[in-house]
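This report concerns only the one structure given below.
What you see is a predicted model; the values in this text were computed from it and never measured. Naming: A, B, ... by sequence-line order, numbering from 1 per chain.
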Amino acid sequence: MPEGHSVHRIARQIAQNFVGRPVSASSPQGRFAEGAALIDGREAIESRAVGKQMFVAFDGDLWLRVHLGLYGAWDFSGEIVSDPTIAASNGRMGQTNQRGTPEEAILDAAGENSLTSIGAPRRARGRVRMSEQTTDINETDDLSQWPPPVRGQVRLRLLTERTCADLRGPTACVIQTPDEVAQSLAKLGPDPLVDNARDGEERFVARVRRTVTPIGLLLMDQSVVSGIGNVYRAELLFRARLNPHTPGREVSEETVREIWRDWSRLLLIGVETGQMMTRDGLTAKERRTAMARREHRHWVYGRAGLPCRVCGTSVVMEEAAGRKLYWCPSCQA
DNA sequence: CATCGATGTTGAG
DNA sequence: TCAACCTCGATGG
């Protein structure tokens, strides 16, 4: 259920906790037994996300490609070290609160200090789910057992001496050669967190402005731009005050560039906070409400029939290519 | 307890 | 265009 921001967070979590270590791989459910056997015991070399796809390299030129699809999820348990760029950037974002950021909670739960201190690393007692924009600690879990007992359908379990990652319900989970990875990457449009800002923007602009396909469909096309899903699509279009049905070639170049830059901005915020926060101009109080409750985070997504937050017109919902598209017919005329 | 729907993609027809 | 994939939180009885 993730859009691009979640996948980047997961890739970083894998990088932080698995890269540089030998990894035991298994498929408790059995549906990925062959693939798991191929990487079992190998050292993880690299972990990266491009759009909604994640690639993890293992020693011996074997790559794991995972796509979570609609309801895939990774559960991390054990000793979990947060990505320092995420933790550090939270301060910059000014979104700490009394109980601490999710990342700080992870550090606490995982006993992160012990990793860098002299004492023996102590077994963690944290558990996090990384599926969508939530990163929750379940402190009621009994983690006295190691490795943790398998619960439910686990397609792939990655395990080090200290950290466990369980993958459930992915659309794609395959082992690839470097050539196959290159082919997968070649199908993907630019990702603001992967591609050079200028190159990415130019590719996006060129692609959008040469087609009559409606911009509302183009933003969902992963070969046009990577990582945008149904929520970010609706919100980017509203933020640009753009009618979703506008053919790509009829969107002004300035507006196309504005959308790319806005996506870059929203993606960065999503990676840092773990939430799809697409509203701005909020007071401190409104921001706290929005951080706590999803329905307050968006301009139009999920608000069919409710008044537009800007003009009061009823937000419209229509089906487009099998997905629900929300927009304000007045603001986005 | 049953049912529904979801932040997604693929492939059949 | 639509079903299938295969998971789980939210909702209703």
Inset, instruction - Return one dot-bracket line describing DNA chain B 5' to 3' (Watson-Crick or G-U wobble pairs, both distances under 3.5 Å; ( ) same strand, [ ] crossing, | another strand, . none). - result: ||||||.|||||.

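Of the P atoms belonging to B:dT10 and C:dC8, the separation is 22 Å, rounded to the nearest Å.
For A:Glu253, the side chain to side chain contact (heavy atoms under 4.5 Å, CB included) criterion is met by A:Val205, A:Arg209, A:Arg257, not counting sequence neighbours.
The separation between A:Arg293 atom CZ and C:dG9 atom P is 19 Å, rounded to whole Å. Distance, A:Tyr301 OH to B:dG8 C1': 12 Å, rounded to whole Å. In this entry the distance linking OH of A:Tyr326 with C1' of B:dG5 reads 10 Å, nearest Å. A:Glu319 has its CD atom 8 Å from the P atom of B:dA6, to the nearest Å. Across the protein-nucleic acid pair, A:Leu70 atom CG and C:dC8 atom P stand 13 Å apart, rounded to whole Å. Between the C1' atom of B:dG8 and the NZ atom of A:Lys187 lies a distance of 16 Å, rounded to the nearest Å. Whole-Å rounding puts the A:Met220 CE to B:dA6 C1' distance at 12 Å. Residue A:Leu68 contributes atom CG, which lies 13 Å from atom P of C:dT7 at whole-angstrom precision.
Using a 4.0 Å heavy-atom criterion, one finds that A:Arg155 contacts the sugar-phosphate atoms exclusively.
Geometrically, A:Arg168 does not engage A:Trp74 in a cation-pi contact, judged by NZ or CZ lying under 6.0 Å from the ring centre and within 45° of the ring axis. Figure legend: cation-pi geometry between A:Arg207 and A:Phe204 absent, as NZ or CZ is not positioned both under 6.0 Å from the six-membered ring centre and within 45° of its axis.
Ion pairing between a basic and an acidic side chain is recognised when a charged N comes within 4.0 Å of a carboxylate O; A:Arg239 and A:Asp280 show such pairing. A salt bridge between A:Glu3 and A:Lys52 is absent, with no side-chain N of the basic residue lying under 4.0 Å from a carboxylate O of the acidic one.
For C:dT7, one of the phosphate oxygens OP1 or OP2 lies less than 4.0 angstrom from a side-chain nitrogen or oxygen of A:Gln29.
Between the CE atom in A:Met54 and the OG atom in A:Ser6 there is a gap of 12.0 Å [rounded to 0.5 Å]. Remark: A:Leu62 CG to A:Arg42 CZ distance equals 4.5 Å, nearest 0.5 Å.
The nucleotide whose nearest atom lies closest to any side-chain atom of A:Lys52 is, among B:dA6, B:dG8, C:dT7, B:dG8. Closest to the side chain of A:Lys324, from the set C:dC8, B:dA6, B:dG8, is B:dA6.
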